[in-house]
Amino acid sequence: MKKILVFAGSSRKDSVNKRLAAAAAEHARASGAEVTLLDLADYQAPVYDGDIEEKEGLPATMKAFKAQCASHDALIIVSPEYNGCVPPLLVNVMSWASRPEGDEASCAAFRGKRVAIAAASPGGLGGLRVIPRLRDFLAELSFEVVSGFATLPGAYKAFDDKGGIVNETSSKALADLVDRLLASLD
């Protein structure tokens, strides 16, 4: 069974990106994958600092996050855009988790791992501006980003009471993205 790690690059309690991540996780589960949906709010860490790393090593929360990444076959990352860029929270946790421990290589938990990317935004572009930057960022960390992406415009009004996506086109785009990720693991 394929193990998929899913999370949003947001720690906000009512994040629309968390809701989109949950919808992606549900589709992956329904397609037969073993899914872990995690919340980055549970993985607090200081801003990455080489001096802290040298003195104290990786924070326990970042070791736990890194272990989650390493123990899954692939990831789905749903990211908000902050002024069109990858949010600092996501950059920070990935920076910590990319650090080698002992004799392992840099980015060992990510190297060659497939990842699907998506974004949600209350605006009309649905987080589209972050997609190329997120793709480049993840590729630099040694991920293999699957082709395509999903975005969810008008995200504050995009979900029903059960967390489903109300727009059929957006729902299909997310399902197609998850299906491409799962097919890439065969």
Side-chain angles (χ1 to χ4, degrees), residues 2-41 68-69 72-91 93-94 110 112-186:
K2 301 165 190 168
K3 290 181 65 175
I4 310 298
L5 181 64
V6 183
F7 59 90
S10 174
S11 61
R12 291 184 65 190
K13 182 180 176 191
D14 294 323
S15 165
V16 291
N17 284 279
K18 283 183 181 180
R19 294 173 79 184
L20 186 58
E26 182 56 36
H27 183 77
R29 236 181 245 113
S31 298
E34 180 182 332
V35 177
T36 303
L37 177 62
L38 65 79
D39 188 338
L40 290 185
Q68 285 281 14
C69 292
H72 287 78
D73 300 313
L75 287 79
I76 299 171
I77 300 175
V78 181
S79 181
E81 64 176 24
Y82 286 19
N83 299 313
C85 295
V86 179
L89 172 63
L90 185 54
V91 171
V93 297
M94 299 307 263
F110 311 144
K113 218 164 269 263
R114 302 249 168 70
V115 61
I117 58 175
S121 170
L125 295 178
L128 181 65
R129 296 181 307 156
V130 75
I131 294 296
R133 292 166 180 95
L134 181 59
R135 182 178 302 284
D136 289 346
F137 173 63
L138 294 171
E140 287 296 327
L141 292 172
S142 300
F143 281 102
E144 291 182 16
V145 185
V146 298
S147 65
F149 56 87
T151 59
L152 185 63
Y156 289 155
K157 297 177 182 177
F159 299 95
D160 63 25
D161 294 344
K162 296 178 183 173
I165 300 170
V166 295
N167 179 289
E168 190 174 318
T169 301
S170 296
S171 181
K172 182 171 178 0
L174 182 64
D176 289 348
L177 175 67
V178 173
D179 291 345
R180 270 195 310 281
L181 175 66
L182 294 175
S184 77
L185 299 174
D186 289 335

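In what follows, residues are counted from 1 in the order of the sequence shown.
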Is there a donor-acceptor contact under 3.5 Å from the side chain of [X] to the main chain of [Y]?
X	Y	value
D39	A41	yes
D73	I4	no
K2	A28	no

Contact between [X] and [Y] at the side-chain level, heavy atoms closer than 4.5 Å - yes or no?
X	Y	value
I77	F7	yes
L138	F110	no
F149	L134	no
H27	D179	yes
M94	L141	yes
T169	K172	no
R114	L181	yes

Any chance [atom1] of [X] has more than 12 other-residue heavy atoms, nucleotides or ligands included, within less than 6.0 Å?
X	atom1	value
D186	CG	yes
E140	CD	no
R180	CZ	yes
D160	CG	yes

Between [atom1] on residue [X] and [atom2] on residue [Y], distance to nearest 0.5 Å:
X	Y	atom1	atom2	answer
R129	Y82	CZ	OH	13.5 Å
L40	S10	CG	OG	8.5 Å
L125	E81	CG	CD	7.0 Å
L20	I165	CG	CD1	5.0 Å
S79	L89	OG	CG	9.0 Å
I131	I117	CD1	CD1	4.5 Å

Between [X] and [Y], which heavy-atom pair has the shortest distance, and what is it?
X	Y	answer
L185	A74	CD1-CB, 3.8 Å
P80	V130	O-CG2, 3.8 Å
V145	A139	CG2-N, 4.3 Å
S121	G127	CB-N, 3.3 Å
T36	H72	OG1-NE2, 2.8 Å
A120	N17	N-OD1, 2.9 Å

